[in-house]
Number of protein chains: 2
Amino acid sequence: MLEAVVYNREESRLELLDQTLLPVETRTVFCKTEQETAKAIVDMQVRGAPAIGVAAAYGIVLGLNNPQNHGKPFKAAFAEICDLLASTRPTAVNLFWAIDRMKKALSGCSDFAAAAATALTEADAIKAEDIEMCRSIGRFGASLLKNGETWLTHCNAGALATAGYGTALGVFRAAREQGKKFKVFVDETRPLLQGARLTAWEMVQEKIDATLICDNMAGGLIRDGKVQGVVVGADRITAHGFVANKIGTYPLAVLAKYNGVPFYVAAPDSTFDMTIKYGEEIKIEERDHDEVRYIGGQQVAPKEIKVYNPAFDVTPPELITAIITNKGIIRPIYRDTIPQFIGADTKEAGA
Amino acid sequence: MLEAVVYNREESRLELLDQTLLPVETRTVFCKTEQETAKAIVDMQVRGAPAIGVAAAYGIVLGLNNPQNHGKPFKAAFAEICDLLASTRPTAVNLFWAIDRMKKALSGCSDFAAAAATALTEADAIKAEDIEMCRSIGRFGASLLKNGETWLTHCNAGALATAGYGTALGVFRAAREQGKKFKVFVDETRPLLQGARLTAWEMVQEKIDATLICDNMAGGLIRDGKVQGVVVGADRITAHGFVANKIGTYPLAVLAKYNGVPFYVAAPDSTFDMTIKYGEEIKIEERDHDEVRYIGGQQVAPKEIKVYNPAFDVTPPELITAIITNKGIIRPIYRDTIPQFIGADTKEAGA
């Protein structure tokens, strides 16, 4: 199985597939300390909310094994390790969730050796549960994909973004395991091209029949009847079913609706934020303007031109055919259907 | 006025603004012969159907003034010059139209000196008429733009693509001449980024308040009420109002319709092909797959990934609020309204 975050027990090190170099180069980053792990997260060598959470959990293991920390009092050293890892990506929900979970698991520990062993068990559990969650999403999603269909996906909700297997791409992995025949169109996903760089790479690795397009080509394909389903991941879903996801998701949902093609969102229950109802309550991060003016260091626009570069958009529930979760397929999407699947205990994780 | 195709009488040379280097570098290409003109067209240093037509017309002037041709019989030399220029871009309608018009104007000529003088007068007329046509489109279009509005455009239907002034961008130039206040969003327009490279550059030159976005960001802006109108150019329009234009036009039309925002097409009457009715009759050119896999020489996707790269899409008439032509504003768009504006004499030019 394609895994971007692997803990090597023999070498006591974390091995990350460097996502900044894909698809041109496949190189592994080796982290022996919590500092090296934190740097890999900051530098986005590991990315995707669940993958970052798993990497941080193993980063705590490395910190507890790090001899440089063993001269300090245990509680102080542990807090320092957690603070360092938590400071890497300020808006990554899964990062804080994973660190909190590690803190709870280690609350009874008072020496480094015992804590490191407990931490490794807990980090392994976080990773295994994430993969199992993706496999559940994949199975539910694959039941919606009919033999011979062609589906479209956007950005990278794949093995590289999770502990493995992926959410939206997990649907394709499960469909293949079920012996279904299908094709996939992959949006390149400007500005950072996660579709071209990462999803296309995953599809090539898995030998799934995939075709790369520019984002503005999806509409024509949908109109021409060449797409029978669209599936994307999600960054956050409100209690009423508004979905924040990578910029470019909303236009796909409108184009699918206008042409009578089902539009699916694939996401674990931890993505739901039951404390908010409407899309307007989600703050949209605006990113560096040079992500649009430059591509891979190459200038593609006048330096003086103003730029708008939102990282996400919000898709309203009336455009979503179903949300595929690890707990089942929610459809139709409205305020009464979501709580039937998503329990109150997910409020915290999604907050 | 911003002009990409200028004939310098004193130096007897054609001066082209090199569009392959924009926006990083502003450099002029000097053509002294018909061969240099043909090369500039092939290399896309001059691009945009009307601009190519004007460049070819001046290329004929240069050919007739070229001493290397003066040893040959006039008719043979003239035919050779026309054939060379016609061979540069096999699908450019305006190129053949301009060369045919030059042939008609010179049908009575039999010596190089008189022919060159007649050719220069005719080339100047083609250029002046194209600019006047754009100005008409601009005036009609500007009447639809209300003070304080923000409009969105795609690709480059600007001064760089025409003899000057532009079609879709002519609407903005005319609105500014009328003293209107407005803002513009510019789609970068993957894969060749004509929006980022050319339209953004034109807007900076003209000091029009413009903001560059990636193509997949337009939907969110329209949904959020930040766009009050969309205006694009056209490559070909059928008798029933199906519009073939740069890939990414159709999704904008759906997003505008879904959100109640007017969607306009700006094009001269020569763009109408009254010999065909439906979108299916328009053959869509598929371009080199490496335009998607590479950006400015930089690899952005696995070499092994399949690619689909259509140059155009087709927007059906029910999504178009109006077509802004040099002969007036056609609305609503259906088979009965178009012939009222577009005469039978345009059939040939658009064929």
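Below, each value reflects all heavy atoms present in this structure, side chains not excepted, and no hydrogens, waters or symmetry copies. In the text below, chain A, chain B and the rest are named by the order of the sequence lines, each starting its count at 1.
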Indicate the atoms forming the closest heavy-atom contact of [X] with [Y], along with that distance.
X         : Y         : result
Leu212(A) : Ala301(B) : CD2-CB, 3.5 Å
Arg223(B) : Val314(A) : NH1-O, 3.6 Å
Thr211(B) : Tyr308(A) : CG2-N, 3.5 Å

Below 4.5 Å, heavy-atom pairs only: which of [options] has the largest tally toward chain B?
options                         : value
Gly296(A), Gly195(A), Ala218(A) : Gly296(A)
Gly219(A), Ala196(A), Ala253(A) : Ala196(A)
Gly220(A), Gly297(A), Ala210(A) : Ala210(A)

Do [X] and [Y] make a side-chain contact, defined as non-hydrogen atoms from C-beta onward lying under 4.5 Å apart?
X         : Y         : answer
Pro302(B) : Arg197(A) : no
Cys214(B) : Pro191(A) : yes
Leu319(B) : Tyr258(A) : yes
Asp209(B) : Lys306(A) : yes
Ile213(B) : Val307(A) : no
Asn309(A) : Met217(B) : yes
Arg190(B) : Asp215(A) : no

For this session: For Lys183(B), look at atom NZ and say whether over 12 heavy atoms of other residues, nucleotides or ligands are found less than 6.0 Å away.
Result: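 For Lys183(B), atom NZ is not crowded (no more than 12 foreign heavy atoms under 6.0 Å).
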
Looking at [options], which has the largest count of heavy-atom pairs under 4.5 Å with chain A?
options                                    : result
Val292(B), Leu193(B), Val300(B)            : Val300(B)
Leu255(B), Ile222(B), Thr199(B), Leu198(B) : Leu255(B)
Asp187(B), Ile305(B), Asp313(B)            : Ile305(B)

Check each atom of [X] against the heavy atoms of chain B and say whether the ones under 4.5 Å are side chain, backbone, both or neither.
X         : value
Lys226(A) : side chain
His154(A) : side chain
Val204(A) : side chain
Gln299(A) : both

Problem set entry | Check: Thr189(A) main-chain N/O paired with Asn216(B) side-chain donor or acceptor under 3.5 Å |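 Not confirmed, Asn216(B) side chain does not pair with Thr189(A) backbone.
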
Exercise. In Å, rounded to the nearest 0.5 Å, how long is the span from OH of Tyr250(B) to CG of Asp224(A)?
Worked result: 8.5 Å

Exercise. Rounded to the nearest 0.5 Å, how far does CD of Glu304(B) lie from CD of Gln205(A)?
Worked result: 8.0 Å

For this session: Can you tell which part of Leu221(B) gets under 4.5 Å to a heavy atom of chain A, answering side chain, backbone, both or neither?
Result: side chain

